[in-house]
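When a ligand or atom number is given, it counts from 1 through the structure's own listing order. Just so we're clear, the structure is a prediction, and the values are computed from it rather than from any experiment. Positions are given from 1 along the sequence.
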Amino acid sequence: MKKILIIEDEPNIRELVKYNLEANGYTAVEAEDGNIGMTKVYTEKPDLILLDIMLPKKDGYEICRELRSEGNNVPIIMLTAKAEEVDKVLGLEFGADDYIAKPFGVRELIARIKAVLRRYEVSENESGGTDEVFSAGGLTINYDRHEITLDGRQIDLTYKEFELLGFLAKNRGHVFTRDELLDKVWGIDYAGETRTVDVHVRYLRKKLGDDDEKFIETIRGKGYRLR
Ligand code: CA
């Protein structure tokens, strides 16, 4: 049974989510502030964290950043309350895997959890054996190890940034519309907007030092492709 840690200071939301997680076959653990949440990540070893952003003691961004800097790769879904938070979370510069905006429906929440857990399982199962590698223009993508290097230097990408770049590389030269990329990389059920793609491309370019679109090219009126 998968264990999910809910770090959320509003008791009503916490209880509602816990109830529904258990009804869907998950074990649920709760934390009402950021400090307790951090402790429970290590004492409970959850398979996934639902992380509120505005929290007493330590906010969700801080928790996320701290865990990733400690090398902890537990899947994290952020719970955002305000539209302004979405842009920030979308960049996922904090290392979250997905977000869901409040108020959210239970079915959507469960679908997101399943999708994130499935992706993690797939990437874990893929390790071992011969590594699948893409290499061009100094850029190397190791699909099995989920590693990217540029001119031999390792580039740290979030899960989604990796998925997006990896997908474009597998279909090098082909132009995809934003909607197609949303479908392929985020999944057909993803309720996000096409700007999700733009935000991720922006972060990818920043990390790859790709201001001149040497790698990811914008095709006006169409979408993106990897050169
Ligand atoms: Ca809160």
Side-chain angles (χ1 to χ4, degrees), residues 1-120 156 158-161 182 186-187 189-193 195-196 198-200 202-203:
M1 227 198 293
K2 296 282 185 191
K3 190 193 276 184
I4 297 181
L5 172 61
I6 313 155
I7 309 180
E8 163 68 73
D9 58 322
E10 284 168 60
N12 293 343
I13 298 182
R14 225 166 47 228
E15 275 160 35
L16 179 79
V17 171
K18 183 178 197 282
Y19 173 83
N20 283 287
L21 287 176
E22 287 173 348
N24 281 275
Y26 296 100
T27 305
V29 188
E30 302 168 76
E32 66 266 32
D33 71 43
N35 285 346
I36 297 172
M38 269 310 268
T39 306
K40 289 206 172 169
V41 172
Y42 287 98
T43 55
E44 299 284 347
K45 298 193 181 18
D47 295 292
L48 183 144
I49 302 173
L50 293 175
L51 181 59
D52 184 29
I53 293 176
M54 298 302 285
L55 283 167
K57 307 268 171 71
K58 187 177 275 189
D59 71 28
Y61 296 128
E62 233 180 304
I63 291 176
C64 209
R65 200 164 27 206
E66 215 172 296
L67 287 174
R68 295 307 187 233
S69 72
E70 289 169 1
N72 190 317
N73 283 321
V74 59
I76 296 174
I77 299 178
M78 298 282 240
L79 307 174
T80 69
K82 290 176 286 188
E84 308 94 78
E85 289 174 337
V86 171
D87 236 26
K88 215 168 166 184
V89 176
L90 269 185
L92 300 177
E93 57 200 294
F94 304 97
D97 298 275
D98 202 355
Y99 78 96
I100 188 164
K102 293 180 195 172
F104 47 78
V106 168
R107 281 173 63 175
E108 191 193 356
L109 178 70
I110 300 291
R112 292 289 177 89
I113 291 172
K114 277 188 185 156
V116 170
L117 285 174
R118 203 181 314 126
R119 285 199 302 266
Y120 262 74
D156 286 325
T158 65
Y159 196 84
K160 269 290 173 285
E161 287 164 357
L182 271 185
W186 278 264
D189 298 331
Y190 189 71
E193 304 158 38
R195 70 173 169 149
T196 304
D198 298 328
V199 173
H200 280 76
R202 199 163 73 225
Y203 276 94

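Pairs of residues two or more places apart, or lying in two chains, that qualify as salt bridge (charged side-chain N to carboxylate O under 4.0 Å, His left out) and include a residue from residues 28-40 are R14-E30, D33-K57.
Between Y120 and Y159, the ring planes are parallel. Angles under 30° get that label, and only those over 60° would be called perpendicular.
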Name each donor-acceptor pair under 3.5 Å that joins a side chain in residues 3-12 to protein atoms two or more places apart or in another chain, with its distance.
{"unit_1": "K3", "atom_1": "NZ", "unit_2": "E44", "atom_2": "O", "d": "2.9"}
{"unit_1": "K3", "atom_1": "NZ", "unit_2": "E44", "atom_2": "OE1", "d": "3.0"}
{"unit_1": "E8", "atom_1": "OE1", "unit_2": "K102", "atom_2": "NZ", "d": "3.0"}
{"unit_1": "E8", "atom_1": "OE2", "unit_2": "E10", "atom_2": "N", "d": "2.9"}

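None of V116, I110, L117 except one satisfies the side-chain contact (heavy atoms from CB on, under 4.5 Å) rule with K114; the exception is I110.
Under a 3.5 Å cut-off, the side chain of D97 and the backbone N or O of I76 do form a donor-acceptor pair.
Qualifying side chain to side chain contact (heavy atoms under 4.5 Å, CB included) partners for N72, counting only residues two or more places apart in sequence or in other chains: V41, Y42, L67, V74.
Protein N, O or S atom count below 3.0 Å of the Ca ion (ligand 1): the structure gives 3.
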